[in-house]
Amino acid sequence: MTLIDEINRLKREKNAIILAHNYQRPEIQDIADYVGDSIELSRRAMEEKEAKIILFSAVDFMAESAAVLNPDRKVLLPTLGARCPMAQMLTVDQIKRWKVLYPLVPVVLYVNTLASAKAYCDICCTSANAVEIVNSMKAETVLFGPDHNLAEYVSRKTGKTIIPVPERGFCPTHMLFQPEDVRILKMEYPDAIAMVHPECTVEMQNMADFIGSTSQMCRYVRKSDAKTFIVATEEGIIHRLKKENPGKQFILAYEDAVCPNMKLNTLERLYTSLKEEKYVITVPEPVAKRARKALEKMFELKTKA
Ligand code: 13P
Ligand code: SF4
């Protein structure tokens, strides 16, 4: 029996499903029941009614959201150390301090935050719906965190005053992309479409033909007549793009753009995780209750994402 057979056997025996983010290793994407961006995975986890176990192959904050949204299921993260550094950049103490400074300003938090932080916001958003969420708010000024680049993108698109909390939260992987590299690639591939994740710098965003979340990029490519795409997000997405669009060409805008945290998950670790039912992600109910409210508010808005 191969490792994949063993994982599938354990899945059946334990009534488990595997949800995987678009940045997961190709072999994990291939055995997953569902592959998606952060909003799709949260929605899928929230709606899961059959499986007893959700094996969430991604990073900490995504598994936490699944646990918050579906407290009746056991949520497993295959690697305890798979933690998103951006999510660590905003602490509860920091939010409390900003709320004291701006008592009347609503707080919108990117889902790339820990549940303890989400518990102190008015509503959550993802990179797929951040503009719609902020536009839906009556306030003209919004506290927004932790991603400074996404905050700038939202500010430009909505025309509202966005106060970033903390001042310069960022994703180390998306900061690896540089506009100079895209400029050179565009000289080499003049017909290529440049797709940029909003966690990239504003200079990178200015180079983009399309800006969106990982799954929005996948949808964009499927509908586009273009044949070549320059991709500025984590390299894991290339597998899905190639699989869904065999006739098209994809060039990563920086070839070492790897999220080391996402890549901590391996088939071996998924197997052990299912076998030993670890690591169980739990959020204390008082925190979960408040974080759930912020996440559910986001879903209630029925954005296009
Ligand atoms: P998406 O929601 O676009 O998949 O992004 C999640 C993420 O962590 C990007 O770095
Ligand atoms: Fe976090 Fe960046 Fe990795 Fe996404 S790519 S999980 S934001 S470190």
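First listed ligand is number 1; within each ligand, the first listed atom is number 1.
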With a 4.0 Å cut-off on heavy atoms, is [X] touching ligand 1?
X: E234; value: no
X: S127; value: yes
X: H174; value: yes
X: T126; value: no

Looking at side-chain heavy atoms only, is the closest gap between [X] and [Y] below 4.5 Å?
X: T233; Y: H174; value: yes
X: D60; Y: L114; value: yes
X: V165; Y: Q94; value: no
X: R25; Y: N265; value: no
X: V131; Y: Y153; value: yes

- Item | With K278, the side-chain contact (heavy atoms from CB on, under 4.5 Å) member among L77, L76, T272 |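 Going through the options one by one, the only one that passes is T272.
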- Would you mind telling me which of V221, I230, T214, I211 makes a side-chain contact (heavy atoms from CB on, under 4.5 Å) with M195?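 Passing option: V221.
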To the nearest 0.1 Å, how far is [atom] from its closest protein heavy atom, and which atom is that?
atom: atom 1 (Fe) of ligand 2; value: C84 SG, 2.4 Å
atom: atom 4 (Fe) of ligand 2; value: Y23 CE1, 4.0 Å
atom: atom 2 (O) of ligand 1; value: S38 OG, 2.5 Å
atom: atom 8 (S) of ligand 2; value: P85 CD, 3.4 Å
atom: atom 1 (P) of ligand 1; value: T214 OG1, 3.6 Å
atom: atom 2 (Fe) of ligand 2; value: C171 SG, 2.3 Å
atom: atom 10 (O) of ligand 1; value: E199 OE1, 2.9 Å
atom: atom 5 (O) of ligand 1; value: H197 NE2, 3.4 Å

Where does [X] meet ligand 1, judged by heavy-atom distances below 4.0 Å: at the side chain, the backbone, both, or neither?
X: H21; result: side chain
X: S213; result: both
X: N112; result: side chain

- Message: Please verify the inter-ring angle class for F229 with Y220; under 30° counts as parallel, over 60° as perpendicular, anything in between as tilted.
- Response: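 Judged by the thresholds at 30° and 60°, the geometry between F229 and Y220 is perpendicular.
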- Item | C259 backbone or side-chain N/O/S under 2.8 Å from atom 1 (Fe) of ligand 2 |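 So C259 does not bind atom 1 (Fe) of ligand 2 by this criterion.
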- Item | Side chain, backbone, both or neither: E234 near ligand 2, heavy atoms under 4.0 Å |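 Neither part.
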- Task: Quick one: look at N112 and ligand 2, take heavy-atom pairs under 4.0 Å, and tell me if it's side chain, backbone, both or neither.
- Result: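 Within the 4.0 Å criterion, N112 contacts ligand 2 through side-chain atoms alone.
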- Should you measure from each heavy atom of Y23, which atoms of ligand 1 turn up under 4.0 Å away?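 This gives 7 (C), 9 (C), 10 (O) as the contact atoms.
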- Query: With no hydrogens and no angle check, is any side-chain donor or acceptor of Q24 less than 3.5 Å from a backbone partner on M262?
  - Reply: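 A pair under 3.5 Å: yes.
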- Look at the side chain of T113 and the backbone N and O of A87, then say whether any donor-acceptor pair between them is shorter than 3.5 Å.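 The answer is no, because no donor-acceptor pair under 3.5 Å joins these two groups.
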In plain terms, say whether [X] and [Y] are close enough for a salt bridge, that is, a side-chain N and a carboxylate O under 4.0 Å apart.
X: K263; Y: E234; result: yes
X: E64; Y: K118; result: no
X: R44; Y: D33; result: no

- Go through ligand 2 atom by atom and flag the ones less than 4.0 Å from a non-hydrogen atom of E199.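 Contacts of ligand 2 toward E199, numbered from 1: 2 (Fe), 7 (S).
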- Message: Taking distance alone, with N or O pairs closer than 3.5 Å, would you say N22 contacts ligand 1?
- Response: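 No, no N or O pair falls under 3.5 Å.
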